Participant: 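Sharing a structure here in structure tokens format.
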Amino acid sequence: MEYNFRAIESKWQNYWRNHQSYSTNIDAQKAKYYVLDMFPYPSGAGLHVGHPLGYIASDIVARYKRLKGFNVLHPMGYDSFGLPAEQYAIQTGQHPSITTEQNINRYREQLDKIGFSFDWSREIRTSDPSYYKWTQWIFIKLFHSWYNPSTNKAEPIETLIQLFETKGFPLDNNSDLTGNIESEIPVFSADEWKTFGEKKQQEILLTFRIAYLSEAWVNWCAGLGTVLANDEVKDGVSERGGFPVERKRMPQWSLRITAYADRLLKDLDDLDWTDSIKEAQRNWIGKSEGTSIRFKLKNQNDFVEVFTTRPDTVFGVSFVTIAPEHELVDRITTDQFRVAVNEYITMAKNRTERERQAEVKRISGQFTGAYVKHPFTGKDIPVWVGDYVLAGYGTGAVMAVPAHDSRDYAFAKYFDLAIPQVIEIPNGTDHPGLDKESYDEKSGKLINSEFLNGLDVKVAIRKAIDEIEKNNFGKGRINYRLRDAAFGRQRYWGEPIPIFYKDGIPYTIDETDLPLILPEIDKFQPTDDGNPPLARAKDWKYKGEYEYEYTTMPGWAGSSWYFLRYMDPKNDNEFVSQEAVNYWKNIDFYLGGAEHSTGHLLYVRFWTKFLFDLGCIPINEPAKKLINQGMIQGVSAFVYRINGENKFVSYGLKDQYDTTALHVDVNITTNNLLDINKFRLWREENKDATFVLENDQYICGTEVEKMSKSKWNVVSPDLIVEEYGADTLRLYEMFLGPLEQSKPWSTQGISGVHNFLRRAWRLFHDKEGNFNVSDEGASPAELKVLHRTIKKVEEDVERFSFNTTISSFMICVNDLTDLKCNNRSILQEFIILLSPYAPHMAEELWELLGNKESINKAKFPKLNESYLVEDSFDYPISINGKVRFKMNLSLKLSKEDVEQTVLSSEEIKKHLQGSPKKIIVVPGRIVNVVL
RNA sequence: GCGCAUGUGUCGUAAUUGGUAGCCGAGCCAGACUUAGGAUCUGGUGCUGCGAGGCGUGGGGGUUCGAGUCCCUCCAUGCGCACCA
């Protein structure tokens with residue numbers, strides 16, 4: 001019987017389903033292992049061959065760990081709230097839940113065909129009320145918590161109220177409570193606090209909550225009609241849809257992730273994640289240490305506070321620049337300059353983010369007419385407004401040191417401002433001089449700087465901070481680039497925020513009223529008066545009386561804690577039971593795309609730390625080990641239409657005509673050759689197309705691009721499964737190259753792995769195709785092949801190198817075929833090794849070998865190194881003609897003999913039997929001697 | 001501009017601690033078998049040279065008895081951040 005993958009694969013997929021082979025329960029007797037894939041958003045395009053890449057790798061790890069005796073949690077679910085389903089609803093009126101349901105069914109069908117060992121009894125969907133009930137529950141916790149800087153963790157808001165009741169505000173310890181708080185909090189005493197009414201108290205508390213509502217600058221995307229978080233904006237346009245994004249000030253729910261900035265940064269060190277992801281997160285958090293300095297305004301009892309990392313250059317300040325949005329602008333501008341300043345600010349505000357970024361090189365600014373006093377010299381320093389200063393970073397104001405900062409330099413040159421030098425440019429640098437560009441390096445000796453003169457930059461920085469703090473001009477300060485995360489979306493298809501308003505103050509709904517179900521509405525657009533779609537819901541009031549919050553949670557809310565829910569997905573009383581989370585703890589192996597590095601992966605760490613602080617879970621990081629699978633790109637195919645004609649010219653001849661390149665569906669091409677009949681049927685307008693061929697063929701042009709429906713380069717795994725089987729797909733995707741590398745999809749070489757499976761199958765069958773294994777004892781050669789493979793497979797899986805494992809399998813099968821091996825025990829162990837990679841075929845052969853239980857209950861073979869000993873001599877040697885000689889310890893000499901013996905190469909030769917052709921000389925290592 | 005990653009035959013790649021570079025697969029060449037299959041099997045295949053040999057891991061330099069691997073520098077590609085003070 002030939003290897004009939006179709007029959008085998010459907011047989012075993014049914015078996016696994018009917019026997020619930022992969023459902024998992026807590027088992028205190030066994031060590032746990034948690035393998036998790038980043039769950040997909042179920043898009044309308046279905047799975048393409050890129051999706052399964054990571055799922056196959058994680059499935060191999062899950063199956064391998066089961067064979068190793070671990071209790072493996074390997075769940076799957078759907079991140080099913082999101083924009084595309086809603087955009088589709090706006091266009092067609094079809095409810096997003098219907099679209100989502102359809103897409104999920106299609107995903108499931110496709111996933112099932114690949115033979116994954118997911119525990120589907122634990123499936124979750126973020127859009128399911130039984131799931132988002134707990135997302136809302138966590139939001140309520142976030143609302144009722146504040147970040148206590150002196151304990152450095154989140155605490156119930158009651159502990160803050162207690163502090164207010166006993167000490168008032170600010171608190172007497174030196175912890176910088178306001179460092180993370182944007183709004184200005186008035187000073188009040190404990191007694192005053194008690195006299196404040198409910199409304200005033202709630203307003204004050206709101207500014208401290210981890211989930212808080214405030215007037216804030218947001219990324220407003222008019223195209224999507226919603227606010228976006230920083231990581232959802234790329235190059236000034238929305239990541240979804242590519243619509244322009246502008247800055248806008250509006251009331252906005254935010255999560256105080258900035259309170260966790262330092263912990264998010266520090267704890268990266270202990271994570272086994274790739275450097276690039278950790279670096280991306282470090283950059284995103286953007287910690288910088290510096291100093292705040294207050295510059296007193298001339299003729300006014302107020303000051304401009306700046307942030308700088310270069311306090312050493314304080315004597316080089318020639319002006320101060322503040323952001324156009326800065327609250328001081330209006331107050332300090334003199335009448336003489338008011339018109340010009342207002343004009344400038346209007347211009348700056350009307351530019352979109354994209355325009356602003358595109359025009360980085362263009363310098364603009366306006367003098368306000370105001371002056372500040374230099375803190376040390378008392379000299380007058382002009383104050384300018386400039387949009388190169390960002391309102392959202394630091395204090396929104398900078399002390400400009402044009403001689404030693406390139407941006408200040410450009411500004412000073414443009415407006416012809418002074419450029420005083422305070423650092424000597426060291427000899428030997430190729431700096432062209434201060435009349436050409438600024439000197440930004442952090443090295444050199446200070447000059448023209450009073451008490452800093454003669455000091456080296458690094459020393460001067462410390463000295464400057466000391467002096468600034470001593471004179472109370474400012475203080476050392478740590479700044480983060482990270483911004484609090486915008487949490488409300490003016491959209492329908494998301495979790496309703498469990499908030500209602502009473503007297504204009506937000507309150508959380510009672511936990512017993514959860515979940516707050518997403519109400520039905522008839523249209524998905526915003527209302528005519530600009531409210532989010534939820535405002536359309538009829539009779540939707542809390543307790544029939546209070547208005548609900550109309551914005552919904554962002555896409556990343558549900559995914560920020562889903563790994564916990566898998567542990568206990570059906571629990572109606574808790575988001576996860578203590579028993580479950582204490583057993584499963586964190587993810588042992590997390591796999592997903594690198595595109596989530598500053599989004600999901602930061603948020604899930606944030607929520608985990610928050611839940612840890614409140615004592616809800618015993619872990620403070622979600623995943624110790626993370627691997628990012630590379631993207632599988634599509635290879636797009638192009639046809640070239642002669643302009644103005646319905647005539648297409650083959651790739652090699654296209655330059656002789658005036659043509660337009662058009663994407664063509666890659667599924668109607670084979671090896672870049674266009675199937676002309678299919679092309680004519682593909683689209684109505686192609687029916688009468690004519691062609692200019694080369695060698696009677698139409699050759700398509702190609703280009704590697706992201707796999708996407710619009711580029712017609714999507715290859716579905718279904719076709720591969722249909723033609724070659726799921727096991728071949730699994731093997732091939734792993735064989736393509738290192739998991740983490742991106743690569744274009746190509747089926748060149750798929751026959752190689754397919755043939756490998758057929759050859760493996762043939763090991764178990766005689767020439768006539770009858771199942772045939774022998775019960776004779778295994779030969780030493782066969783044992784050697786087997787154990788070499790065991791060793792390699794084990795090492796490779798442990799270091800997540802799957803492509804090399806497959807080479808080892810191929811070598812193993814080649815060797816066993818050469819040895820004409822049909823030994824039962826050898827083949828049985830081999831098939832266990834193979835089972836994580838090609839589970840269907842492994843199950844079938846396992847059954848033919850007479851085993852009653854599924855192969856996933858088998859034990860991973862034990863390695864016996866003694867079968868691996870080489871029969872050749874092993875030697876190292878030689879430094880500068882003098883030769884230290886080392887011998888394979890299993891042969892003649894002891895370790896001590898080896899390390900003490902010093903011989904010439906002639907002498908080595910004497911020690912060797914026969915006369916070696918070549919000796920490879922290696923101090924301290926063992927290498928072959930070629931005889 | 002800053003940061004991170006990558007660079008090896010015709011192609012995908014391998015070489016776990018510095019130790020015979022190119023395993024495994026694809027492609028190509030030759031042959032065997034054949035009910036002609038997109039089958040199977042055998043041999044060959046880094047470059048160069050008739051040959052012994054020489055040269056070869058993006059370029060240049062260094063450390064080392066020995067470098068694809070470590071260090072410096074430059075180049076190219078990909079990704080991330082970007083007027084972040």
Side-chain angles (χ1 to χ4, degrees), chain A residues 2 230-231 234-235 274-284 286-288 290-291 306-310 313 321 323 356-357 359-363 386-390 392-401 404-408 410-411 440 479-483 594-595 597-598 628 630-631 723 731-732 735-738 740-744 746-756 758-759 762 767 791-792 795-796 798-799 801 803-814 817 876-884 918-930:
Chain A
E2 261 293 281
N230 283 357
D231 66 280
K234 295 263 141 76
D235 299 324
T274 60
D275 287 341
S276 64
I277 292 283
K278 292 207 265 187
E279 267 313 301
Q281 293 212 346
R282 288 191 189 107
N283 275 336
W284 189 261
K287 180 177 183 169
S288 69
T291 319
V306 304
F307 173 76
T308 179
T309 56
R310 296 294 303 273
T313 60
T321 315
R356 201 182 59 77
Q357 287 185 12
E359 294 170 9
V360 160
K361 293 270 140 56
R362 210 185 76 186
I363 294 155
D387 71 350
Y388 81 97
V389 177
L390 303 176
Y393 183 79
T395 59
V398 301
M399 59 175 219
V401 185
H404 306 292
D405 181 287
S406 52
R407 296 151 305 182
D408 298 338
F411 197 84
D440 296 11
N479 228 326
Y480 297 96
R481 201 192 71 98
L482 185 70
R483 301 266 66 94
E595 66 273 19
S597 55
T598 54
N628 304 106
M631 213 182 10
E723 201 173 350
L731 244 15
Y732 184 59
F735 189 63
L736 275 175
E740 301 184 68
Q741 220 164 76
S742 286
K743 50 230 155 191
S746 137
T747 51
Q748 297 268 310
I750 199 166
S751 62
V753 286
H754 189 62
N755 285 343
F756 155 75
R758 299 173 47 170
R759 294 179 57 147
R762 262 184 257 136
K767 277 216 175 72
K791 185 167 189 210
K792 190 81 166 92
E795 282 170 359
D796 286 352
E798 293 287 351
R799 67 191 172 105
S801 173
N803 54 328
T804 54
T805 319
I806 293 172
S807 296
S808 304
F809 283 136
M810 289 177 173
I811 295 167
C812 181
V813 165
N814 288 349
T817 305
I877 322 288
S878 168
I879 303 169
N880 298 338
K882 280 197 181 171
V883 176
R884 222 181 310 136
K918 193 172 178 184
I919 302 171
I920 296 124
V921 181
V922 181
R925 283 192 60 88
I926 293 175
V927 173
N928 284 334
V929 171
V930 183

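So you know, we letter chains A, B, ... as the sequences are listed, proteins then strands, and number each from 1. This structure is a prediction, so every number in the text was calculated from the model and none was measured.
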Participant: Going by a 90° cut-off around 0, is B/G9 syn or anti?
Facilitator: syn

Participant: What's the CZ-P distance between A/R759 and B/C41, to the nearest Å?
Facilitator: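 These atoms are roughly 5 Å apart.
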
Participant: If only side-chain N and O atoms count, and only distance matters, is there a donor-acceptor pair under 3.5 Å linking A/R481 with A/N283?
Facilitator: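 No - no donor-acceptor pair under 3.5 Å links their side chains.
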
Participant: Would you indicate what A/Q741 reaches in the nucleic acid, counting non-hydrogen atoms under 4.0 angstrom: base, sugar-phosphate, or nothing?
Facilitator: sugar-phosphate

Participant: Counting the atoms with a prime plus P, OP1 and OP2 as sugar-phosphate, which does A/E279 contact under 4.0 Å by heavy atoms, base, sugar-phosphate, or nothing?
Facilitator: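 Result for A/E279 = sugar-phosphate.
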
Participant: Tell me which nucleotide among B/A15, B/A85, B/G12 gets nearest to the side chain of A/V398.
Facilitator: B/A85

Participant: Let me know the distance between NZ of A/K278 and C1' of B/C4, rounded to the nearest Å.
Facilitator: 13 Å

Participant: How close do A/Y732 and A/Q748 get, heavy atom to heavy atom, and via which atoms?
Facilitator: OH-O, 2.8 Å

Participant: Can you tell me how far C1' in B/A76 sits from the matching atom in B/G60, rounded to whole Å?
Facilitator: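 To the nearest whole Å, 15 Å.
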
Participant: Report which part of the nucleic acid A/N814 touches: base, sugar-phosphate, or nothing (heavy-atom distance under 4.0 Å, all strands).
Facilitator: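 A/N814: backbone/sugar contact only, no base atoms under 4.0 Å.
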
Participant: In whole angstrom, give me the gap between the P atoms of B/G68 and B/A15.
Facilitator: 15 Å

Participant: A/R282 has an atom CZ; how far is it from atom P of B/C79, in whole Å?
Facilitator: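 Answer to the nearest Å: 22 Å.
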
Participant: With a non-hydrogen cut-off below 4.0 angstrom, is A/D408 in contact with a base, only sugar-phosphate, or nothing?
Facilitator: nothing

Participant: Which nucleotide, B/G80, B/A15, B/C4, lies nearest any side-chain atom of A/N283?
Facilitator: B/G80

Participant: For A/V389, answer base if it contacts any base atom (sugar-phosphate contacts may also be present), sugar-phosphate if it contacts only those atoms, and nothing otherwise; contact means non-hydrogen atoms under 4.0 Å.
Facilitator: base

Participant: Say we look at B/G51 and B/G46: how far apart would their P atoms be, to the nearest angstrom?
Facilitator: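 So the two P atoms sit 14 Å from each other.
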
Participant: Please work out if A/K791 contacts a base, only the sugar-phosphate, or nothing of the nucleic acid, heavy-atom cut-off 4.0 Å.
Facilitator: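 It contacts nothing in the nucleic acid.
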
Participant: So, does A/R481 get its side chain near the phosphate of B/A85, meaning an N or O under 4.0 Å from OP1 or OP2?
Facilitator: no

Participant: Assign each of A/M399 and A/K743 to its nearest nucleotide of RNA chain B by heavy atoms, then name whichever residue's nucleotide is nearer the 5' end.
Facilitator: A/K743

Participant: Identify the two heavy atoms, one from A/T321 and one from A/G386, that lie closest to each other, and give their separation to 0.1 Å.
Facilitator: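 Heavy atoms only, the tightest pair is CG2-N, 3.5 Å.
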
Participant: Taking the same atom, P, in B/A67 and in B/A21, what whole-Å distance lies between them?
Facilitator: 10 Å

Participant: At under 4.0 Å between heavy atoms, what does A/D796 touch on the DNA or RNA strands: base, sugar-phosphate, or nothing?
Facilitator: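 Nothing, no heavy atom under 4.0 Å.
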
Participant: A/I277 vs A/N628, test: side-chain contact (heavy atoms from CB on, under 4.5 Å). Steps then yes/no.
Facilitator: CA-CA 9 Å; A/I277 292 283; A/N628 304 106; 3.1 Å; yes

Participant: Choose from B/A85, B/A39, B/A26 the nucleotide whose nearest atom is closest to any side-chain atom of A/F307.
Facilitator: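 Selected nucleotide (nearest to the side chain): B/A85.
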
Participant: Write down the distance separating the P atoms in B/G9 and B/C74, rounded off to the nearest Å.
Facilitator: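 It comes out at 24 Å once rounded to the nearest Å.
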
Participant: Would you mind reading off the distance between A/H754 atom NE2 and B/A26 atom C1', rounded to a whole angstrom?
Facilitator: 16 Å

Participant: What does A/E723 touch in the nucleic acid at a heavy-atom separation under 4.0 angstrom: a base, only the sugar-phosphate, or nothing?
Facilitator: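 Base, at least one base atom sits under 4.0 Å.
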
Participant: Going by an N to O cut-off under 4.0 Å, is there a salt bridge joining A/E279 and A/R282?
Facilitator: yes

Participant: Could you go through A/T804 and A/K792, starting from their C-alpha distance and side-chain angles, then the distance that decides it, and tell me whether this counts as side-chain contact (heavy atoms from CB on, under 4.5 Å)?
Facilitator: CA-CA 9 Å; A/T804 54; A/K792 190 81 166 92; 4.1 Å; yes

Participant: Mind telling me whether A/F307 and A/Y393 have parallel, tilted or perpendicular rings, with 30° and 60° as the class edges?
Facilitator: perpendicular

Participant: Please figure out whether A/A397 or A/S807 has its closest RNA chain B nucleotide nearer the 5' end.
Facilitator: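 Looking at RNA chain B, the more 5' nearest nucleotide goes with A/S807.
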
Participant: For nucleotides B/G49 and B/C55, find the distance between their P atoms and express it as a whole number of Å.
Facilitator: 16 Å

Participant: Could you tell me how far apart A/I750 (CD1) and B/C11 (P) are, to the nearest whole angstrom?
Facilitator: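 Result: 21 Å.
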
Participant: Using the C1' atom on both, measure B/A14 against B/C33 and round to a whole Å.
Facilitator: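 Per the computed distance, 33 Å lies between those C1' atoms.
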
Participant: Which base sits across from B/G7 as a Watson-Crick or G-U pair, both distances under 3.5 Å?
Facilitator: B/C75

Participant: Classify A/L390 by what it touches in the nucleic acid, base, sugar-phosphate, or nothing, heavy-atom distance under 4.0 Å.
Facilitator: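 It contacts base atoms.
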
Participant: Expressed as a whole number of angstroms, how long is the span from A/E740:CD to B/C4:P?
Facilitator: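 From A/E740 CD to B/C4 P: 17 Å.
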
Participant: Using atom C1' in both nucleotides, what's the gap between B/G22 and B/U69 to the nearest angstrom?
Facilitator: 15 Å

Participant: Should B/G37 be called syn or anti, with syn set as within 90° of 0?
Facilitator: syn

